[in-house]
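Okay, so here's the structure we're looking at.
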Amino acid sequence: MSGKIPQDEEAIPAGALNLLSECVHCTPRGRLLIVEEPDGGGYYDDEAPRLAAASARALGLRVYETVAPPTVASAAEMEDFVETLRGFDHVLFFSRIGDQIRFTELPGMPKATMCYALDREMLFGPFGTTCHQGMCELKAIIDEAFACASYVTVTCPRGTRLEGRPRFGPNGPVDVTLQRFPMLVPRPVPSAGMRGRIAISRFLVGTGSRPYEPYWLALEEDVFACVEDNRIVDISGPASVAAAVGRHYRQVARRFGLDPWFVHSWHAGIHPGCGFGRAAQEDMLRWSGSAFGSPRILHFHTCGDYAPGEISWNLFDPTVTVDGIALWEQGVLHPERIPGGVDLLARHPRLAVQFSNPRRDVGVD
């Protein structure tokens with residue numbers, strides 16, 4: 001980034017201010033560590049973290065920057081990595097390693113935020129400038145709606161129908177252990193208590209939890225997974241495609257010592273400014289790490305008895321009903337149909353404007 005660093009809050013780009021003031025809640029003289037990927041890595045651009053760092057300094061923070069390892073392969077490596085984060089007031093990840101630890105409790109870990117704005121355009125545009133407080137409030141009322149639901153159905157134009165009463169554990173639904181910016185999804189909804197069949201179309205792809213090869217599998221035709229509670233009990237469809245899906249599951253499960261047929265949970269995107277401007281299959285890694293926040297996409301966490309699992313199913317243009325009310329309808333999220341949603345939109349009128357004209361491109365036809 002070139003040019004003079006802004007010296008007052010009004011001169012700081014709106015997306016950076018949204019991230020630092022509304023999400024990180026930075027305070028002057030606070031010690032902020034920004035964890036970046038190596039220059040030219042191709043996932044994040046080099047400018048977004050540098051813009052965030054310059055803006056944080058302009059706000060009076062003491063900013064430190066470091067480059068993350070590409071992955072952590074063992075508990076010992078994770079412990080060593082967390083040790084390097086101690087002593088800071090906040091850690092801001094412009095790095096996939098933040099995504100890899102998002103469901104993990106790490107003793108001694110400072111408060112942290114995972115940033116999904118992968119480049120300057122995402123940080124500057126509607127994706128990064130959407131009212132963060134309003135999105136957090138929206139997540140909270142959606143979480144409450146699912147927690148209180150008596151009956152939930154999930155359908156999609158390809159033939160999905162999953163239904164039942166999600167069975168939350170004694171400690172409530174699982175959620176991430178660090179903050180997210182922007183807020184893209186509600187808490188995962190358990191697969192336990194639900195049954196039906198899921199249309200798996202276009203591809204299988206990893207969840208960002210752990211790297212492996214091949215990270216995604218193209219599907220020439222749709223297959224259907226029959227699900228009962230947390231189990232895949234059958235995969236039907238064209239024999240060659242179903243066989244390829246089975247092989248992929250067994251390969252990933254063997255690598256990590258997992259139950260391949262476990263379906264943990266699911267959730268749909270909630271961000272009206274989230275999308276993907278080119279074909280998903282041109283860059284599946286970036287697609288899987290950013291497009292999932294669109295209300296047009298609902299994804300399942302499978303292959304492993306934990307969130308996020310290692311293989312995700314992606315449904316496009318889902319309809320999700322909670323006690324007979326379609327909160328998502330054909331890929332459109334309707335906040336006004338959620339208890340408390342009308343008041344929320346009245347408190348955050350800019351958010352209401354965005355939901356009246358949401359982004360629709362998600363990288364698939």
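Here CG of Leu204 is found 12.5 Å from OG of Ser288. Values are rounded to the nearest 0.5 Å.
Glu36 contributes no side-chain N or O that, together with a main-chain N or O of Glu65, makes up a donor-acceptor pair within less than 3.5 Å. Side-chain atoms of Thr113 do not come within 3.5 Å of backbone N or O of Leu92 as any donor-acceptor pair. Although no hydrogens or angles enter the test, the distance criterion places no donor-acceptor pair under 3.5 Å between the side chain of Arg31 and the main chain of Arg62.
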**Study point:** side-chain contact (heavy atoms from CB on, under 4.5 Å) assessment of Trp266 paired with Ile198
**Key:** CA-CA 12 Å; Trp266 55 271; Ile198 313 299; over 6 Å; no

Review point. Taking it one step at a time, do Leu351 and Thr130 satisfy side-chain contact (heavy atoms from CB on, under 4.5 Å)?
Key: CA-CA 7 Å; Leu351 197 59; Thr130 295; 3.5 Å; yes

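Considering only heavy atoms from C-beta on, Ile200 comes within 4.5 Å of Leu219 through its side chain. Contact check for His267 versus His299: side-chain heavy atoms found under the 4.5 Å cut-off. For the pair Asp80/Glu83, no side-chain contact is recorded, criterion being any heavy-atom separation below 4.5 Å from C-beta on.
The shortest heavy-atom contact between Pro260 and Leu258 is CD-O, 3.3 Å. Trp261 and Tyr249 get closest at one heavy-atom pair: CZ3-CB, 3.7 Å.
Contact check on Asp45 versus Arg120 returns no salt bridge, with no Lys/Arg side-chain nitrogen under 4.0 Å from an Asp/Glu carboxylate oxygen. Classification of Asp229 and Arg167 as a salt-bridged pair holds, one side-chain N sitting under 4.0 Å from a carboxylate O. Comment: Arg231 engages Asp259 in a salt bridge, judged by a side-chain N to carboxylate O separation of less than 4.0 angstrom. Using a 4.0 Å cut-off between a side-chain N of Lys or Arg and a carboxylate O of Asp or Glu, Arg255 and Glu310 do not qualify as a salt bridge. A salt bridge links Lys139 to Asp143: one of the charged nitrogens lies within less than 4.0 Å of a carboxylate oxygen.
Classified by interplanar angle (parallel below 30°, tilted 30° to 60°, perpendicular above 60°), the ring pair Tyr212/Phe256 is perpendicular. The aromatic rings of Phe203 and Trp216 sit perpendicular to each other, their planes meeting at more than 60°, with 30° as the lower class boundary. Using a 30° and 60° split on the angle between ring planes, His264 and His301 fall in the tilted class, from 30° to 60°. Aromatic ring pairs are classed by plane angle as parallel below 30°, tilted from 30° to 60° and perpendicular above 60°; the pair Phe316 and Trp287 is tilted.
Here ring pair (Phe, Tyr, Trp, His ring centres under 6.0 Å) pairs that include residues 123-144, with residues two or more places apart or in two chains, are Phe127-His271, His132-Phe181. The salt bridge (Lys or Arg N to Asp or Glu O under 4.0 Å) contacts involving residues 12-24 comprise nothing, where partners must be two or more places apart or lie in separate chains.
Shown here are the salt bridge (charged side-chain N to carboxylate O under 4.0 Å, His left out) partners of Asp317, two or more places apart in sequence or in another chain: Arg296, Arg360.
In summary, the aromatic rings of Tyr44 and Phe93 are positioned with their centroids too far apart to meet the 6.0 Å limit.
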